[in-house]
There are 2 protein chains.
Amino acid sequence: MAIAAPLILIVDDEAPVRSVLAAALHAAGYRTIEAPTLRFGLSHALGHRPDLILLDLGLPDGPGLSLVTTLRPAIRTPIIVLSARGEDRAKVAALDAGADDYLTKPFSIEELLARIRVALRHADAPICGENGLAFAAGGVHVDPVRRAVSRDGEAIHLTPTEYKLLLALVRQAGRVATHRSLLTEVWGQSAAAHPHYLRVYMAQLRNKLEDDPSNPVLLLTEPGVGYRMIENAS
Amino acid sequence: MAIAAPLILIVDDEAPVRSVLAAALHAAGYRTIEAPTLRFGLSHALGHRPDLILLDLGLPDGPGLSLVTTLRPAIRTPIIVLSARGEDRAKVAALDAGADDYLTKPFSIEELLARIRVALRHADAPICGENGLAFAAGGVHVDPVRRAVSRDGEAIHLTPTEYKLLLALVRQAGRVATHRSLLTEVWGQSAAAHPHYLRVYMAQLRNKLEDDPSNPVLLLTEPGVGYRMIENAS
DNA sequence: GCGGATCCTGACGGAATCTTGAGGCGACCA
DNA sequence: TGGTCGCCTCAAGATTCCGTCAGGATCCGC
């Protein structure tokens, strides 16, 4: 059976641009869907589950980056940002927000296609923990799209930092998340020297999520290495 | 606790460029090693196992791309290509050869750092396809991706040192691992003088993994030479 | 300005881990 | 028989790592 061609979501407000991109992508053997605004982009991204997203910044209904920031915690779909603005600030902001690549217009179609191949190559290997949108196990449920966490059906309030840490753990559910990866993901590159943050916030997460915080079942310690969230059961 | 900062290999023939890059990377909290030629780049990449490689094309002793093509099948380390040439051809060729990103000089350090963060982020992500290292035999199962070890289906907790030693043995499963190779792999170069460490930790591994620790079946002693883990059955 | 929530930071006790030493056992050899 | 050597076992510090608590700083809405 033929494997379905990768589906690429094009988010751009200018119809001509969309059709040029779509034509080039079709010629290269991809399927495409298009969205003219942030709102449609978001709903299509969640609804159609594309394999890759091409995002033009500068959309009419809001900052294009917000698509990245809202989408990235929920799904791992590679996002390539296209922009007319080539300032470093914008690039760094987009990349740090979770974008996987950034092309400044004008760019050649060949380069775009090559970078799409790179992004798809990256996305191909993983998908180990399913990375389904949601996590559920041991009575705890995490919904990254709604940014909602519940335990035994009751909503749990988490502070921003707690939630970020939980997401980083959920994303690696079943595997060991090293101190370093957690620290850099939650507090940024420079935090690698402060493993103490982790202890404090792990304790808070356990207090909120575990039945018996001193005998954790969900959030396990791997001494000298990091922490491990139990396997996703959903 | 000091968590090792990511190690970045800089391959560039011009010493001033290398030192500028190294300075910027140090300032950002990374460790670096440098290589002026392809040959050294290759040997450092394989010897030091950096977390990321910055590769300048146009090296004196051959086409820079050959580093990508020879390295990529062997290791998954992200490679960012730096080049003065901005032609699409070169970009496409590099990216398709296995490079993960391509920056055209001149570029800003901020952008480089942001793209390094992207690449390291990718590298942190789980990889499932590459289970080649997984080991299973005699009821014992080792899963390096999850950093999990089980015996007869039950999870076994290993300390960092025990796990490191087990991995070193698994990597040589079926063959003899000499005392010296195990010692240097687990405790570093300077440990060759303390063969006693090995005995202690081999005993602990046997206690945790063998049915009858005093009559080992999995972890065999090769008197005078080293130890041997039985052949992988998976 | 005020109250509340959140985050950072230091101090401390206890747990897990690593290191080191002492002693036992069996193989081998003179 | 006695000695040496390599390997195994056990266990007691020493050290590192982790969980907990709480005070103070910061931010934000009102």
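Order of the sequence lines sets the chain letters (A, B, ...), proteins ahead of strands, with each chain counted from 1.
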>> I'd like to know whether B:L112 forms a side chain to side chain contact (heavy atoms under 4.5 Å, CB included) with B:L21, so could you lay out the CA-CA distance, the side-chain angles of the two residues, the decisive distance to 0.1 Å, and finally the verdict.
In response: CA-CA 10 Å; B:L112 175 62; B:L21 288 175; 3.7 Å; yes

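- Spacing between atom CG of B:L165 and atom P of C:dT19 amounts to 12 Å, rounded to whole angstrom units.
- Taking side-chain N and O atoms only, A:T159 has no distance below 4.0 Å to OP1 or OP2 of C:dA5.
- Side-chain atoms of B:E210 come within 3.5 Å of backbone N or O of B:V217 as a donor-acceptor pair.
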Please list each protein N or O that sits under 3.5 Å from an N or O in nucleotides 21-25 of chain C, with the distance.
residue : atom : partner : partner atom : Å
C:dG21  : O6   : B:H196  : NE2          : 3.0

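- Between the B:D51 side chain and the B:L7 main chain, a donor and an acceptor come within less than 3.5 Å of each other.
- Between A:R206 and D:dG19 there is a side-chain polar atom (N or O) within less than 4.0 angstrom of OP1 or OP2.
- Atom C1' of nucleotide C:dT6 and atom NE2 of A:H157 are separated by 9 Å, given to the nearest angstrom.
- Taking atom CG of B:L205 as the reference point, atom P of C:dC18 lies 11 Å away to the nearest angstrom.
- Residue contacts shown for A:Y227 are limited to sugar-phosphate atoms, with no base heavy atom under 4.0 Å away.
- Contact check on A:D96 versus A:R72 returns no salt bridge, with no Lys/Arg side-chain nitrogen under 4.0 Å from an Asp/Glu carboxylate oxygen.
- Between atom CD1 of residue A:I79 and atom CG of residue A:L55 there is a gap of 7.0 Å, rounded to the nearest 0.5 Å.
- Side-chain contact between A:D211 and A:R151: present, with at least one pair of heavy atoms (C-beta onward) separated by less than 4.5 Å.
- Between the side chains of A:T178 and B:R147, no donor-acceptor pair of N or O atoms lies under 3.5 Å.
- Note on A:S214: every side-chain N or O is 4.0 Å or more away from OP1 and OP2 of D:dG19.
- Distances shorter than 4.0 Å separate some side-chain N or O of B:T161 from OP1 or OP2 on C:dC18.
- Between A:W187 and C:dC8, a side-chain N or O to OP1/OP2 separation shorter than 4.0 Å is present.
- Nucleotide C:dA5 holds its C1' atom 14 Å from the CG atom of A:L158, rounded to whole Å.
- When the P atom of C:dG26 is taken as reference, atom CG of B:N215 falls 12 Å away, rounded to whole Å.
- Put simply, B:Y201 has a side-chain N or O that comes within less than 4.0 Å of OP1 or OP2 on C:dC18.
- At least one side-chain nitrogen or oxygen of B:Y197 sits closer than 4.0 Å to the OP1 or OP2 atom of C:dT20.
- Taking atom CD of residue A:Q204 and atom C1' of nucleotide C:dT9, one finds them 13 Å apart after rounding to whole Å.
- Across all strands, B:P195 comes closer than 4.0 Å to no nucleic acid atom at all (heavy-atom distances).
- Within the 3.5 Å criterion, the main-chain N or O of A:E185 finds no donor-acceptor partner in the side chain of A:K164.
- Look at CD on B:E210: it is 16 Å from C1' on D:dT9, rounded to the nearest Å.
- The side chain of B:R199 places an N or O atom within less than 4.0 Å of a non-bridging phosphate oxygen (OP1 or OP2) of D:dC7.
- Remark: C1' of C:dT19 and CG of B:L183 are 14 Å apart, rounded to the nearest angstrom.
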